[in-house]
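Worksheet: the structure to be examined is printed underneath.
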Amino acid sequence: MKKKSFLLGLVLILSAFFMAACGSTQSSNEAEAPAAEKSEEVAEGNESSEDVFSVATDTNFVPFESLNTETGEMEGFDIDLIKALADEAGIKVDIEAMEFDGVIAGMQTARFDIGIAGMTITEERAETIDFSDPYYDAGLTLAVKADNEDIKSEADLAGKKVATRSGTTSETYLTENHPDAELVPFPGIVEAYLELISGRVDAVMYDAPNVMYYVNTDAKGQLKTVGGLLQGEQYGIAFPQGSELVEPINEALKTLIENGTYDDIYEKWFGERPNGTTK
Ligand code: ARG
């Protein structure tokens, strides 16, 4: 009996100490680590879905969006840009990666709030999707094997196998302008480049920034671009029709262009600022 009550007393004393210790840890945490508190708040905020907007992007379009296999994180120009735009507009975003077609469908069905995927603003798409102001000037170009002397420009595509990614503006361009070339569409552009390297297709047509990036990195020495820019295009951020986010995102884009943030992000991914200088 006596032993029991002693033990009980000990437990009570210990738990009193424990609680006091906890209390003091908590208050000193508050004083000393505001950053930790803050990030917790952000994490909690992300879970309450009300003010978090979903962003649909694609999985493979260097240097605009791709998965960093080491960190497991999405990265690229578009990823940095949408995060900066969200900060500037005072909204939170949750980014999800999918196939490019899924980004367009996600806007049409309003399953996602925002789409950013190096998406070209076209009249046809604008019939079912809203776009922000243009945020990047791009265009299409051709890649061939480094030792190819046959194809010097798009004028040489008749009878050739030309690969691209299905559902993109390159596919439309080839269908409309080169009916006498053999169009070989792939669900992913990297497959198209690999087919080109292995000689199973004669050329790849795709967005110039992506072609140039690939030609200068993974395919260095194996592929080259020919014929210059084929069709000027502009990328826009996509929204479901009638979205209330179009205006605030356009405002935020203007601000980021004026205050240099846009140029910083551009330089990070393209090695120079839009005007060709470096900081
Ligand atoms: N700019 C082209 C288009 O809009 C290709 C975009 C591909 N983007 C991507 N994230 N895979 O059709």
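Just so you know, ligand 1 is whichever comes first in the structure, and atom 1 is the first atom listed for that ligand. By convention here, the first residue in the shown sequence is residue 1.
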Check ligand 1 against Tyr235 and write out every atom of the ligand that is under 4.0 Å from a heavy-atom position of the residue. 1 (N)

Below a 4.0 angstrom heavy-atom separation, can you tell me which part of Phe64, side chain or backbone, both or neither, approaches ligand 1? neither

Is the backbone N or O of Leu229 less than 3.5 Å from a side-chain atom of Thr141, with the two atoms forming a donor-acceptor pair by type? no

Do the side chains of Leu245 and Asp130 get nearer than 4.5 Å, heavy atoms only? no

For residues 155-163, run the donor-acceptor check on the side chains, cut-off 3.5 Å, and write out each pair with its distance to 0.1 Å, sequence neighbours left out.
unit_1, atom_1, unit_2, atom_2, d
Asp156, OD2, Lys152, N, 2.7
Asp156, OD2, Ser153, N, 3.3
Lys160, NZ, Asp150, OD2, 2.9

Quick one: which ligand 1 atoms are inside 4.0 Å of a heavy atom on Gly118? 1 (N), 2 (C), 4 (O), 6 (C)

What are the atoms of ligand 1, with element, lying closer than 4.0 Å to any heavy atom of Tyr206? 7 (C), 11 (N)

Euclidean distance, Gln241 CD relative to Met107 CE, rounded to 0.5 Å: 12.0 Å

N/O of Phe100 under 3.5 Å from N/O of ligand 1, yes or no? no

Do Tyr173 and Glu154 get their side chains close enough for a donor-acceptor pair, meaning under 3.5 Å? yes

Ionic contact status for Glu99 with Arg165, cut-off 4.0 Å: yes

Under 3.5 Å: N/O of Ala117 near N/O of ligand 1: yes

Evaluate the ring pair (Phe, Tyr, Trp, His ring centres under 6.0 Å) criterion for residues Tyr214 and Tyr206: first the C-alpha distance (whole Å), next the side-chain angles of each, then the deciding distance (0.1 Å), finally the verdict. CA-CA 11 Å; Tyr214 197 77; Tyr206 207 41; over 10 Å; no

Nearest atoms (heavy-atom pairs only) where Phe100 meets Ala117: CE1-O, 3.5 Å

Closest to atom 11 (N) of ligand 1 among protein heavy atoms sits Asp58 OD2, 3.1 Å

From atom 3 (C) of ligand 1, work out which of Arg165, Met98, Glu65, Arg125 has a heavy atom at the shortest distance. Arg125

Ligand 1 atoms in contact with Met119 (distance to a heavy atom under 4.0 Å): 4 (O)

List ligand 1 atoms under 4.0 Å from Thr120, heavy atoms only on the residue side. 1 (N), 2 (C), 3 (C), 4 (O)

Per-residue contact class, Asp207 against ligand 1 - non-hydrogen pairs under 4.0 Å: side chain

